[in-house]
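Presented below is the structure to which this report refers.
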There are 2 protein chains.
Amino acid sequence: MSAQSPLHMTEQRRVILEELRKVRSHPTADKIYTRVRRRMPRISLGTVYRTLDLLAAQGMIRKIESAGTRRRFDGTVEPHYHIRCLECGRIADLPPGEMPGLEAHFRNQTDYDVVGHTLELLGTCPACRKDRTEGKDVGVRPASEQ
Amino acid sequence: MSAQSPLHMTEQRRVILEELRKVRSHPTADKIYTRVRRRMPRISLGTVYRTLDLLAAQGMIRKIESAGTRRRFDGTVEPHYHIRCLECGRIADLPPGEMPGLEAHFRNQTDYDVVGHTLELLGTCPACRKDRTEGKDVGVRPASEQ
DNA sequence: CCAATATCAGTAATCATTCCTATTATTAGT
DNA sequence: ACTAATAATAGGAATGATTACTGATATTGG
Ligand SMILES: [Mn+2]
Ligand SMILES: [Mn+2]
Ligand SMILES: [Zn+2]
Ligand SMILES: [Zn+2]
């Protein structure tokens, strides 16, 4: 959950971290790969995956794994929930902080030891809502954008 | 979310539904496939997937998709959350009902239209806790059992 | 009974992610 | 600086759950 061994900052690792921190979106590994390749054309997708795992293990970035969607990464490490648009897959941040009393609410309702939870809001983003009112009926195109 | 067209109950569909409703666990498609094959040896895995999708679309069963794990199915359609054991992947039911005030709590914190949420508790199941105290240190074997 | 339609079994394809390996870079010790 | 040991990378193959395709079989409605 927090930093481990002092990470050797290779060129690849530095650039991947920089590019992820540049964006406010929650890009997939191959979106990051595309960005990083502009600066390091010979980097491999495997290195991107390996490095993202490593940075996440060090607590320098976060992994977002929502059900049924591709893995996404987050340059913001401060704890916060996300809301995902069911039409376009876009993921937005909610304000920092955990839902108060959530785990406590369930502790006496299970024989498991509760150690955490995952919570994701679902909805329609402003752009897709706008498309709707304009009758653009684009259907569902999940996770298809940056 | 609720029933649509009146579903033609083929033998395959009936048996798949029966087998899923028999168990209290949350089996993967191939676990259901294994069970169903005892009664219908020639059924194909594709039919199992297709039928489970169909039954879920009709609201007769539920799909559970947790991040980074295989898809699981639930014969109980009454709304309820789950808690997943981080060591063995087992999924248990929490009592029926939604966390009160959850979506309301976030409505004024986002410009998305909130239409739902996913919530999964994480923890250690009684069996894995027991293994621990017995020093059986089995490591992590996610989603490897029924 | 027949033609149109739906479903199925069997198998191939998909595709995000992980694994493997030969090469290249870095480090620590002299 | 030189060198052996160690770590990291590029490129490509493998994995594995799910989906798509296809020709055969079943069902329906007239
Ligand atoms: Mn975020
Ligand atoms: Mn359940
Ligand atoms: Zn959207
Ligand atoms: Zn367990």
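Within every chain, numbering begins at 1; the chains are lettered A, B, ... in the order of the sequence lines, protein sequences first and strands thereafter. It should be emphasised that the depicted structure is a prediction, and the values quoted were computed from it without experimental measurement.
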Euclidean distance, atom CZ of residue B:Arg14 to atom P of D:dT27 [Å, nearest integer]: 12 Å

Audit row: B:Glu19, B:Arg38, salt bridge (charged side-chain N to carboxylate O under 4.0 Å, His left out) steps and yes/no: CA-CA 11 Å; B:Glu19 290 299 322; B:Arg38 299 205 291 252; 5.2 Å; no

N or O in side chain of B:Arg71 less than 4.0 angstrom from D:dT19 OP1/OP2: yes

B:Tyr49 side chain near D:dT18 phosphate (N/O to OP1/OP2, under 4.0 Å): yes

Side-chain donor-acceptor contact under 3.5 Å, B:Gln12 with B:Thr47: no

Whole angstrom value for the distance that separates C1' of C:dC8 from CG of B:Asp53: 15 Å

Cluster link B:Val15 to B:Leu45, ILVMFWY, side chain under 4.5 Å: yes

Any side-chain donor near an acceptor of the partner, B:Arg62 and B:His80, under 3.5 Å: yes

Phosphate OP1/OP2 of C:dC8 contacted by B:Thr10 side-chain N/O (<4.0 Å): yes

Mutual orientation of the aromatic rings belonging to B:Tyr81 and B:His117 [parallel < 30°, tilted 30-60°, perpendicular > 60°]: tilted

Euclidean distance, atom OH of residue B:Tyr33 to atom P of D:dT19 [Å, nearest integer]: 16 Å

Whole-Å distance separating the CD atom of A:Glu11 from the P atom of C:dT26: 9 Å

Length of the line joining A:Arg72:CZ and C:dA16:C1', which is rounded to integer Å: 13 Å

Gap between atom CZ of B:Arg72 and atom NE2 of B:His82 - 0.5 Å precision: 10.0 Å

Spacing between B:Leu7 atom CG and C:dT5 atom P, to the nearest angstrom: 20 Å

Between D:dT19 (C1') and B:Glu65 (CD): distance, integer Å: 13 Å

Could you list all N or O pairs between the protein and nucleotides 9-13 of chain C that sit under 3.5 Å apart?
| unit_1 | atom_1 | unit_2 | atom_2 | d |
| --- | --- | --- | --- | --- |
| C:dA9 | OP1 | B:Gln12 | NE2 | 3.4 |
| C:dA9 | OP2 | B:Ser44 | N | 3.4 |
| C:dA9 | OP2 | B:Thr47 | OG1 | 2.4 |
| C:dG10 | OP1 | B:Arg42 | NH2 | 2.5 |
| C:dG10 | OP2 | B:Arg42 | O | 3.2 |

Separation of D:dA26 P from B:Arg13 CZ (nearest whole Å): 15 Å

Residue A:His8, side-chain heavy atoms: nucleotide from C:dA16, C:dC8, C:dT26 that is nearest: C:dT26

Inter-residue atom distance A:Asp74.CG - A:Asp93.CG, 0.5 Å rounding: 5.5 Å

